[in-house]
Protein chains: 2
Amino acid sequence: MQLELSVDRSSPVPLYFQLSQQLEAAIEHGTLTPGSLLGNEIELAARLGLSRPTVRQAIQSLVDKGLLVRRRGVGTQVVHSQVKRPLELSSLYDDLEAAGQRPATKVLVNTLEPASAEVAAALGVAEDSDVHRVERLRLAHGEPMAYLCNFLPPGLIDLDTGQLEATGLYRLMRAAGITLHSARQSIGARAATPPEAERLAEETGAPLLTMQRVTFDDTGRAVEYGTHTYRPTRYSFEFQLLVRT
Amino acid sequence: MQLELSVDRSSPVPLYFQLSQQLEAAIEHGTLTPGSLLGNEIELAARLGLSRPTVRQAIQSLVDKGLLVRRRGVGTQVVHSQVKRPLELSSLYDDLEAAGQRPATKVLVNTLEPASAEVAAALGVAEDSDVHRVERLRLAHGEPMAYLCNFLPPGLIDLDTGQLEATGLYRLMRAAGITLHSARQSIGARAATPPEAERLAEETGAPLLTMQRVTFDDTGRAVEYGTHTYRPTRYSFEFQLLVRT
DNA sequence: TCAATCTGTTTGTCCGGACAATCTGACTAC
DNA sequence: GTAGTCAGATTGTCCGGACAAACAGATTGA
């Protein structure tokens with residue numbers, strides 16, 4: 001294994017992070033082939049002039065990502081399977097853009113209105129208190145793909161219709177300094193009602209994929225509640241997930 | 001904060017794990033209320049007679065689970081939101097049992113047959129080589145909930161029809177010493193074909209929720225490929241997910 | 001020939017310490 | 001009164017070392 005590894009001690013980037021990125025790049029690039037041993041931690045530390053805990057921290061982060069597997073008495077191996085992303089909080093806009101689909105968004109509604117009981121419960125605000133309501137149609141290649149209805153608590157973000165049409169909601173929230181932390185999702189299916197069918201250019205009774213989601217920031221506040229419907233012929237949820245250990 | 005914490009040094013259970021379990025229990029139980037500070041690491045270590053790295057390792061594991069949030073200069077806080085499980089590799093059988101639904105399974109097919117191109121590609125075996133094929137109907141309260149079709153490479157596990165009816169496939173695999181590592185899933189929806197409708201007691205054209213999954217063990221081998229259809233009126237996919245950092 | 005045992009390798013756990021980065025809150029200067 | 005500055009508190013990073021546990025392969029014994 002002639003893997004070139006080096007760390008820059010003058011950089012503000014943590015050493016373990018520099019190392020883990022280089023290892024990840026090597027795996028991605030194929031320099032480290034699946035199944036190959038990584039060499040033992042102590043020697044690796046000595047080679048790089050690092051301590052073993054630092055090397056372990058780097059390796060551990062890749063184990064958590066599912067790229068490496070440790071075996072006591074054997075060594076650390078690159079996982080065989082084609083792990084891509086261990087399921088992050090996915091954004092339809094980003095998904096489409098990554099797939100080269102040139103997403104477009106049409107904002108249908110962008111108002112402030114009193115929260116229904118359902119919305120109030122999801123967002124943890126008082127019933128009838130004002131919340132943002134945003135309804136959007138997401139298109140790809142001019143064809144409707146999904147109908148997105150979102151509710152946000154007030155005062156968190158400035159919802160500009162122009163920006164909503166230019167990018168995704170998650171990007172706007174991140175840009176507004178909101179740290180997304182976790183989400184509770186529910187994915188199901190049901191038959192399209194007449195208004196839903198019309199919006200998505202489907203027929204009444206056609207199967208629709210539905211997703212409901214409440215997103216929380218790192219302080220535990222609910223920052224978004226969404227009810228989405230997707231055309232199943234155009235979109236499905238794909239993700240990779242890891243077994244918790 | 002009068003939180004009772006203690007560790008047993010004579011136990012073979014790692015100290016950091018003992019601590020993290022106690023903290024998790026305290027959070028679950030409500031002894032540690034959301035938003036409350038955990039007390040600084042150094043004092044906590046001194047109080048328990050542990051070193052700071054050990055305490056940090058315990059805390060880190062809970063941060064990874066999404067239960068705690070660290071803030072430099074502030075401290076470690078319990079997250080507000082109702083995080084439950086950060087999405088593990090879910091098993092329909094376990095899900096139903098946890099919901100107190102008394103799942104029942106009817107094995108429709110349990111044979112060895114040549115792999116189709118699709119199955120061979122998913123499992124990474126040669127086309128027309130023998131693979132296990134298992135078709136099951138999963139019921140709850142006597143009502144059909146899902147139709148499960150799975151393919152497994154040969155020689156990995158002994159598929160006994162009786163056992164398949166008594167428990168879930170994942171449990172059997174784990175019991176056979178297979179370490180599940182990751183899975184690639186795809187969730188979609190479509191209209192029921194006549195045979196599908198009949199199996200699930202739905203009408204032709206009714207919306208169905210579909211899930212395809214390839215599961216890998218820790219050596220990177222594909223150990224299972226499944227094509228499942230669910231009745232959306234009876235089942236939906238619920239999960240909590242964390243933003244990767 | 002086969003099974004049990006031993007041995008070396010590698011990761012797992014744990015320690016104690018050091019300094020840096022960042023946040024909060026109080027203080028000070030204008 | 002307001003803005004900038006400073007100090008204390010807390011986590012982030014990193015070091016060097018020690019012993020335990022588990023695995024693979026070779027050795028030994030029946």
Side-chain angles (χ1 to χ4, degrees), chain A residues 1 5-23 35-64 67-79 177 179 181 217-219 245, chain B residues 1 5-23 35-64 67-79 177 179 181 217-219 245:
Chain A
M1 176 183 57
L5 294 171
S6 62
V7 291
D8 175 11
R9 301 196 86 97
S10 67
S11 162
V13 177
L15 300 178
Y16 78 90
F17 193 72
Q18 291 184 36
L19 178 54
S20 71
Q21 281 199 317
Q22 287 180 41
L23 290 174
S36 64
L37 272 304
L38 205 59
N40 76 58
E41 298 170 351
I42 298 176
E43 186 220 338
L44 196 57
R47 188 144 63 95
L48 288 164
L50 297 172
S51 71
R52 189 180 163 214
T54 302
V55 172
R56 275 183 69 78
Q57 193 173 2
I59 292 175
Q60 188 59 47
S61 70
L62 297 180
V63 171
D64 291 340
L67 293 171
L68 298 177
V69 177
R70 320 178 92 137
R71 283 173 205 283
R72 195 186 300 205
V74 179
T76 304
Q77 290 178 306
V78 180
V79 157
T179 309
H181 178 258
D217 73 357
D218 56 358
T219 68
T245 8
Chain B
M1 174 183 57
L5 293 171
S6 62
V7 290
D8 175 9
R9 301 195 85 96
S10 67
S11 163
V13 177
L15 300 177
Y16 78 90
F17 194 71
Q18 292 183 36
L19 177 55
S20 71
Q21 280 199 317
Q22 288 179 43
L23 290 174
S36 63
L37 272 303
L38 204 60
N40 77 58
E41 297 169 352
I42 297 175
E43 186 220 337
L44 197 56
R47 187 143 63 93
L48 288 163
L50 297 173
S51 70
R52 189 180 164 217
T54 303
V55 171
R56 274 183 70 78
Q57 192 173 3
I59 292 175
Q60 188 59 46
S61 71
L62 297 180
V63 171
D64 291 339
L67 293 171
L68 298 176
V69 177
R70 321 179 91 141
R71 284 173 205 282
R72 197 185 298 205
V74 180
T76 305
Q77 290 178 308
V78 180
V79 157
T179 309
H181 177 257
D217 73 358
D218 56 0
T219 68
T245 10

How about Arg9(B) and Leu50(B): do any of their side-chain heavy atoms sit closer than 4.5 Å?
-> yes
Atom-pair distance (CG on Leu38(A); P on dT10(C)), nearest Å = 12 Å
Considering only side-chain heavy atoms of Leu50(A), which listed nucleotide, dT11(D), dT11(C), dC15(D), is closest?
-> dC15(D)
Please determine if a side-chain N or O atom of Thr76(A) lies less than 4.0 Å away from the OP1 or OP2 oxygen of dT11(C).
-> yes
dC15(C) phosphate, OP1 or OP2: any side-chain N/O from Thr54(B) under 4.0 angstrom?
-> yes
What is the distance from CD1 of Ile59(B) to C1' of dT13(D), rounded to the nearest Å?
-> 16 Å
Rounded distance (Å) that lies between atom P of dA9(D) and atom CG of Leu44(B) = 18 Å
At under 4.0 Å, does any side-chain N or O of Tyr16(A) touch on OP1 or OP2 of dT13(D)?
-> yes
When rounded to whole Å, the CD to P distance for the pair Gln60(B) and dG12(D) reads 7 Å
Of Val74(B) and Val55(A), whose nearest nucleotide on DNA chain D comes first from the 5' end?
-> Val74(B)
Would you mind telling me which of dT11(C), dC14(D), dG12(D) lies closest to the side-chain atoms of Ser51(A)?
-> dC14(D)
Look at the side chain of Arg70(B) and decide which nucleotide, out of dC23(C), dG12(D), dC15(C), has an atom nearest to it.
-> dG12(D)
Closer than 4.0 Å, any side-chain N/O of Arg71(B) to the OP1 or OP2 of dT22(C)?
-> no
Rounded to whole Å, the CD-C1' distance (Glu41(A) to dG16(D)) equals 15 Å
Interatomic distance, Leu15(A) CG vs dG12(D) P [rounded to whole Å] | 16 Å
Would you list the protein and nucleotides 17-20 of chain C atom pairs, both N or O, that sit under 3.5 Å from each other?
residue : atom : partner  : partner atom : Å
dA18(C) : N6   : Arg52(B) : NH1          : 3.3

What integer distance in Å separates Asp8(B):CG from dC14(C):P?
-> 12 Å
Taking only N and O in the side chain of Arg56(B), is any of them less than 4.0 Å away from OP1 or OP2 of dC15(C)?
-> no
